[in-house]
2 protein chains.
Amino acid sequence: MMQPHKRVIGPAIVRTRMGQTTMVKRTSFEGDACPIARSLDALGDWWSLLIIREALFGLRRFGEFQNKLGMAKNILSARLRALVDRGILATAPASDGSAYQEYVLTPKGRGTFPILVALRQWSEEFDDRPEEIATILVDREKGRPVKKLEMRAEDGRLLTPADTTLKPRSARRRSA
Amino acid sequence: MMQPHKRVIGPAIVRTRMGQTTMVKRTSFEGDACPIARSLDALGDWWSLLIIREALFGLRRFGEFQNKLGMAKNILSARLRALVDRGILATAPASDGSAYQEYVLTPKGRGTFPILVALRQWSEEFDDRPEEIATILVDREKGRPVKKLEMRAEDGRLLTPADTTLKPRSARRRSA
DNA sequence: TTGTGTGGTTGCATCATAAAACCAAATGCC
DNA sequence: GGCATTTGGTTTTATGATGCAACCACACAA
């Protein structure tokens with residue numbers, strides 16, 4: 001795959017208390033060519049995915065997130081703002097008619113579902129103490145566990161990691 | 001869902017709004033009942049998945065990771081150690097006969113592949129500047145993009161998030 | 001109007017980070 | 001063997017984000 005290249009995004013001059021200035025390299029993967037890094041840049045802090053998870057289950061209000069996740073309010077506030085900035089959540093007027101605000105998932109936010117499922121399944125499969133896992137994700141209709149995510153080729157063949165490779169995006173097939 | 005119980009243990013990477021990453025005191029979800037939280041506890045810092053990604057592509061040596069990822073050596077050292085502790089990587093004597101050590105993925109580590117694919121696909125689908133993404137994951141045989149991960153029921157029905165629900169693990173079907 | 005709950009922001013101490021300097025062992029070269 | 005260099009880290013240091021708690025503003029209720 002590609003590696004994230006570290007790059008100095010902006011001149012970040014920092015003044016030490018000794019009066020010196022130093023250049024702080026900000027390692028950001030925003031603008032990086034690696035899509036994994038780009039995703040991590042948007043979701044990579046660990047509260048964000050938990051917030052999204054709760055949102056997928058219907059939480060919308062600041063207080064609901066705060067109660068459920070038990071996180072500091074300032075952090076929640078910062079995370080919600082970041083998620084809104086990134087188009088993962090959107091603010092909306094409260095659905096119950098109150099003047100308060102709600103945070104709802106955008107399609108981009110709902111699109112993280114496979115990521116959450118993948119994380120869940122990894123835990124289910126490899127956790128050292130699986131008996132501590134409290135819930136199973138099931139198909140609502142049948143009540144049976146959802147199947148493990150699998151990678152398939154366009155034609156439906158099941159793929160292992162070794163069956164895949166990375167191609168430069170620019171090298172798109174030009175014929176048909 | 002579960003409430004994480006806060007417990008300060010290990011490091012976690014957090015992204016600031018400037019795009020910097022920083023490691024902070026983290027509340028750990030180890031021992032939590034939510035499998036997503038448990039996964040995030042093991043993988044949830046952002047360097048770890050990138051290290052795993054490189055490892056999937058064959059990197060094994062400390063120096064290789066360091067060069068490729070461009071991260072501080074102390075952080076890499078800490079991450080590698082944490083990943084080894086968690087059974088995601090294992091140390092092995094160098095394959096080239098030298099006295100140095102190598103870090104190789106365990107099955108548990110290789111099991112993160114769907115997570116990486118999910119992250120990648122999310123980026124490919126929702127990124128604001130998809131043209132900046134340099135690579136595509138393709139089926140090696142045909143050179144065509146791998147199909148988007150999809151959730152299916154045991155019987156093969158395609159599932160949306162709304163088609164799923166969580167069930168307590170203890171409430172396993174006792175009949176049949 | 002006063003009072004209470006919701007939805008935050010602000011201040012502050014802690015502590016993990018990231019960069020760089022340092023160091024030891026292994027290897028290469030002669 | 002002896003010396004230099006590379007590899008693989010650890011230590012040191014400064015920064016600054018986190019998490020907690022206090023505070024605040026607005027909405028809503030009475």
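Among the nucleotides C:dA18, D:dT10, C:dT9, the one closest to any side-chain atom of B:I75 is C:dA18.
Here the options are A:K148, A:M151, A:E125, the test is side-chain contact (heavy atoms from CB on, under 4.5 Å), and the partner is B:P114; only A:K148 passes.
Atom CE of B:M71 and atom P of C:dA19 are 10 Å apart (whole Å). Following rounding to the nearest Å, B:N74 (CG) and C:dA20 (P) show an atom-to-atom distance of 11 Å. Computed from coordinates, the B:L69 CG to C:dA19 P distance equals 13 Å when rounded to whole Å. Atom CG in A:L76 sits about 13 Å away from atom P in D:dC20, given to the nearest Å.
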For nucleotides 22-30 of chain C, print each protein N/O atom paired with a nucleotide N/O atom at under 3.5 Å, atom names and distance only.
from: C:dT27; atom 1: OP1; to: B:A99; atom 2: N; distance (Å): 2.5

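In this model, the phosphate group of C:dA16 is not approached by any side-chain N or O of B:W47 to a distance below 4.0 Å at OP1 or OP2. For B:Q101, no side-chain nitrogen or oxygen approaches OP1 or OP2 of D:dT7 to under 4.0 Å. Proximity of A:R79 to the phosphate of D:dT18: a side-chain N or O atom is located under 4.0 Å from OP1 or OP2. Contact between the side-chain N/O atoms of B:S77 and the OP1/OP2 oxygens of D:dG9 is not found at any separation under 4.0 Å.
Between the side chain of B:E102 and the backbone N or O of B:T91, no donor-acceptor pair lies under 3.5 Å. Checking side-chain atoms of A:K167 against main-chain N and O of B:G143 turns up a donor-acceptor pair under 3.5 Å. Using modelled atom types, no side-chain atom of B:E54 and backbone atom of B:L69 make a donor-acceptor pair closer than 3.5 Å. Checked by atom type and distance alone, the side chain of A:Q101 never pairs as donor or acceptor with a backbone atom of A:A92 at under 3.5 Å.
A:F62 and A:V84 end up in the same hydrophobic cluster when Ile, Leu, Val, Met, Phe, Trp and Tyr side chains are linked at under 4.5 Å.
Ion pair B:E64/B:R60 not flagged as a salt bridge, since none of the NZ, NE, NH1 or NH2 atoms sits closer than 4.0 Å to an Asp/Glu carboxylate oxygen.
Residues satisfying the salt bridge (charged side-chain N to carboxylate O under 4.0 Å, His left out) test with A:D163, not counting sequence neighbours, are none.
The stretch residues 59-66 of chain A comes close to DNA chain C through A:R61, A:F62, A:G63, each having a heavy atom under 4.0 Å from the strand.
Separation of atoms CD1 (A:I115) and CG (A:L149) is listed at 11.0 Å; rounding is to 0.5 Å.
With the nearest nucleotide of DNA chain D identified for both A:A78 and B:Y103, B:Y103 has the one nearer the 5' end.
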